[in-house]
Novice: 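Got a structure for you, questions after.
Hydrogens, waters and symmetry mates are skipped; everything else that's a heavy atom, side chains included, is used. Each residue takes its place number in the sequence, starting with 1.
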Amino acid sequence: MKKLILFISFCLSVLYSSAQESVDDALAYQYYQQGQFQEASILLEKLFNKTNSDTYFELYFTSLLKIKKFEEAEKLVKKLIRQHPKKPAYSIALGRFYQEKGQIDEANKQYLQAINNLPAEEYKIRELANNFYNFQAYDLAITTFLQGRKLMNDTKPFTFELLSIYRYKKDKNMLIQEYLNALPEMPQLLPQAESVLSTVFEDNSDYQLLQSALLKKIQKEPQTEIYTKLLIWQYLQQQEYEMALRQLIAQDKRIKDDGAILYQAANTFLSNQAYPVAIKAYEYLLLKGKENEYYLPAKVELVNAKYQLVITGKFEKNSITELAAAYQSILDEYGKTPQTVFALKKWVNLQAYYLNDLEKAEKGLEEALKIPGLPNAETGQLKLDLGDIYILTQQPWEAILLYEQVAKQFENQAIGNEARYRSARLSFYQGNFTYAKSQADILKASTSQLIANDALNLSLLISDNLQSSTDSSALKMYADAEMLQFRNLPAKAMVKLDSIPIAFPNNSLQDDILMAKSKIFIKNNEISQAITVLKELTEKQQTSIWADDALFTLAGLYETNLKDNEQAKVLYQKLINDYPGSMYTTEARKRFRKLRGDIIGT
């Protein structure tokens, strides 16, 4: 019984001691985190003496330095060095002691001694580097890792540690070199390298640094494909699409690829509006022959890229005719099916709005509606397009009937709301402003932000410019100009817009006229004129319903057409700050962050 009581007493004392240690540990950390180093040092001394833990030593020693108990710190660390002469943590601590006292030469002597005494053991090297890292001596940590590589005669160890430090220090040159050192052995690092470099890089000179380093590597190691992949990425980041394509074609020939890489890149060119380069890429893919799996997709996208050039005003009429013939050849070869209806729709668009053959366009859409197996949504869209053609052929009632048919069939759906909006827009063109406004007011609550925004703009355009007979007459001329623009007659639309202030001086449509002109200039690729009118709108009409649209458009022109990213950032920031409720704010913030170098999605 007596032995049992003694055993229980012993167990209780151990438990009490353990519990007390836990309390002291938590309290010591709390004091340390709050900067109460005097209180922390008392508890940490007790904990270190009891456990000889390196963690407690580090905290205790740092606390002594913080409260400038230099004599006590020196005595402690020298005692530990005598007891453990081969433990580098204590030698480094002595170096920190000298550093805190301003004895820099003595401190460096201790640090270098620890580095020079390193064994060729990965664990020991990492342990010493971590000691330096823990008190933010990043350069010494780097030196330790590099010395470790020499000792081990191996350039591969410590890659991730060095990448982390170089990234933290924003040492772009060494970060590039470390990635180039690692990528051949670890190609899976490529996405990380692209992400990290895009975050750290600040301007074109940084990308040029990467390009220079890559070209040197490629010259020495032309067989290392990972370098070429990173170089292609660099060209894409710099929007040097021609250079990217050259590298892609060279790579494709070298590795005898099936075309997958090039097809994906061509789609990237297309999405970035680099249409001529995209066309060259698709044309190269076609050279692989009809048996290649990317032949048909490349053929289709080639025609689509040419189509994009047409609708941005960069093709002559004879080229438009050739493009229409290309779509026709797709339809002749594969027939009019649900799979080829995209080609038919674009062929119709060219006939109606660029070749002015409205009869062909109308007949083409009527035939498209007879294609069996079309999804309901596709049929609805075709009816909307046919309604637009009916407007051009001066059959407005036929157009309204089609719009209303689609609106009823797709009630409370995006396509149904689009049909109602087109009906309201047609009423506006016809000068039936009261009805157009009533329809637009209903659509302002649409679940589609784009339709709701268009409807709101139409409603405000009408209500803001019906205050007097002069404004009403001016609005009718403006509606005529919009109709001419809808018919793809920009020159006539511009003449009509210029006539409004002459016929009706001091009318209330100045901001609307400026916005309409900017759209015509942009479509005609007259960027400098577009910028002029948009600047006038944003600077003199800041309360206009078009102010946020104008800012967003202007920023886009600076970013995409003028390559002036700094001015684009200024304009995106102004939109974000001045018009927080705009439908463009989210996209403006995304573009601003991209231009700043952020990783989108973080």
Novice: Under a plain distance cut-off of 3.5 Å, with no hydrogens placed, do Arg167 and Thr199 share a side-chain donor-acceptor pair?
Specialist: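 No - no donor-acceptor pair under 3.5 Å links their side chains.
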Novice: Ring centroid separation for Phe37 and Tyr31, is it under 6.0 angstrom?
Specialist: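 Not close enough - the centres of the two rings lie 6.0 Å or further apart.
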Novice: Any chance you could measure Lys169, atom NZ, to Ile142, atom CD1, to the nearest 0.5 Å?
Specialist: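 The distance works out to 5.0 Å.
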Novice: Take atom CD of Glu283 as the centre, draw a 6.0 Å sphere, and report whether it contains more than 12 heavy atoms from other residues, nucleotides or ligands.
Specialist: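 It does: Glu283 CD has more than 12 such atoms within range.
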Novice: Any side-chain donor paired with an acceptor under 3.5 Å for Asn267 and Tyr282?
Specialist: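 Indeed, the side chains of Asn267 and Tyr282 share at least one donor-acceptor pair under 3.5 Å.
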Novice: Counting only heavy atoms not in Asn153, do more than 12 sit closer than 6.0 Å to its CG atom?
Specialist: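 Counting neighbours around CG of Asn153, 12 or fewer heavy atoms of other residues, nucleotides or ligands fall under 6.0 Å, so no.
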Novice: Under the rule for side-chain contact (heavy atoms from CB on, under 4.5 Å), what residues qualify as partners of Lys101, not counting sequence neighbours?
Specialist: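 side-chain contact (heavy atoms from CB on, under 4.5 Å) check on Lys101 returns Phe70, Phe97, Gln103.
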Novice: Hey, does the Lys NZ or Arg CZ of Lys519 hover above the aromatic six-ring of Trp546, less than 6.0 Å from the centre and inside 45° of the axis?
Specialist: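 That pair qualifies as a cation-pi contact.
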Novice: Atom NZ of Lys109 and atom CD1 of Ile104: how far apart are they, to the nearest 0.5 Å?
Specialist: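 Rounded to the nearest 0.5 Å, the NZ-CD1 separation comes out at 15.0 Å.
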Novice: Which heavy atom of Thr144 sits nearest a heavy atom of Ile125, and at what distance?
Specialist: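 Smallest heavy-atom distance, with atoms named: CG2-O, 3.6 Å.
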Novice: If you define the side chain from C-beta out and look only at heavy atoms, does anything of Leu323 sit under 4.5 Å from Val303?
Specialist: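 They are in side-chain contact.
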Novice: Is a donor from one side chain sitting under 3.5 angstrom from an acceptor on the other, for Thr224 and Glu221?
Specialist: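 Their side chains do contain a donor-acceptor pair, which is all the 3.5 Å distance test asks for.
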Novice: List the atom of Leu76, the atom of Leu64, and the distance in Å for their closest heavy-atom pair.
Specialist: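 Smallest interatomic distance, heavy atoms only, reads CD2-CD1, 4.2 Å.
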Novice: Are any side-chain N or O atoms of Ser582 and backbone N or O atoms of Tyr579, one a donor and one an acceptor, separated by less than 3.5 Å?
Specialist: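 Here the side-chain-to-backbone pair does not exist.
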Novice: Verify whether one side chain among Tyr179 and Gln192 offers a donor that lies under 3.5 Å from an acceptor in the other.
Specialist: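 A donor-acceptor contact under 3.5 Å links the two side chains.
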Novice: Is NZ or CZ of Arg126 both nearer than 6.0 Å to the six-membered ring centre of Phe158 and within 45° of the ring axis?
Specialist: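 Here Arg126 fails the 6.0 Å and 45° test against Phe158.
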Novice: Taking the side chain from Lys563 and the backbone from Thr560, do they hold a donor-acceptor pair closer than 3.5 Å?
Specialist: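 Indeed, once roles are kept as given, a pair shorter than 3.5 Å links the two residues.
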Novice: Are a donor atom and an acceptor atom from the side chains of Asn108 and Tyr98 found within less than 3.5 Å of each other?
Specialist: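 Looking only at side-chain atoms, Tyr98 and Asn108 do not form any donor-acceptor pair under 3.5 Å.
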Novice: Would you verify whether the NZ or CZ of Lys346 falls within 45 degrees of the ring axis of Tyr307 while also being under 6.0 Å from that six-membered ring's centre?
Specialist: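 Judged by the rule (NZ or CZ under 6.0 Å from the ring centre, within 45° of its axis), Lys346 counts as positioned above Tyr307.
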Novice: Could you verify whether a donor N or O on one side chain and an acceptor N or O on the other, from Gln208 and Asn204, lie under 3.5 Å apart?
Specialist: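 The answer is no; no qualifying pair exists.
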Novice: So do Lys170 and Phe201 actually touch side chain to side chain, heavy atoms under 4.5 Å?
Specialist: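 Result no, sub-4.5 Å side-chain heavy-atom pair not found.
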Novice: Between Ser195 (side chain only) and Pro191 (backbone N and O only), is there a donor and an acceptor less than 3.5 Å apart?
Specialist: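 No, the answer is negative, given that no donor and acceptor are paired below the 3.5 Å cut-off.
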Novice: Answer with yes or no whether the side chains of Glu242 and Tyr235 bring together a donor and an acceptor at under 3.5 Å.
Specialist: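 The criterion, which ignores hydrogens and geometry beyond distance, is not satisfied for Glu242 and Tyr235.
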Novice: For residues Asn272 and Gln239, is any side-chain donor paired with an opposing acceptor at under 3.5 Å?
Specialist: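 No, no side-chain donor-acceptor pair sits under 3.5 Å.
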Novice: Are Tyr90 and Phe57, when compared by the centres of their aromatic rings, separated by less than 6.0 Å?
Specialist: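 Under 6.0 Å, so yes.
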Novice: Does the ring center of Phe48 lie less than 6.0 Å from the ring center of Tyr56?
Specialist: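 No, the ring centres sit 6.0 Å or more apart.
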Novice: When you compare the side chains of Tyr294 and Asp258, does any donor N or O come within less than 3.5 Å of an acceptor on the partner?
Specialist: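 Side chains of Tyr294 and Asp258: no pair found under 3.5 Å.
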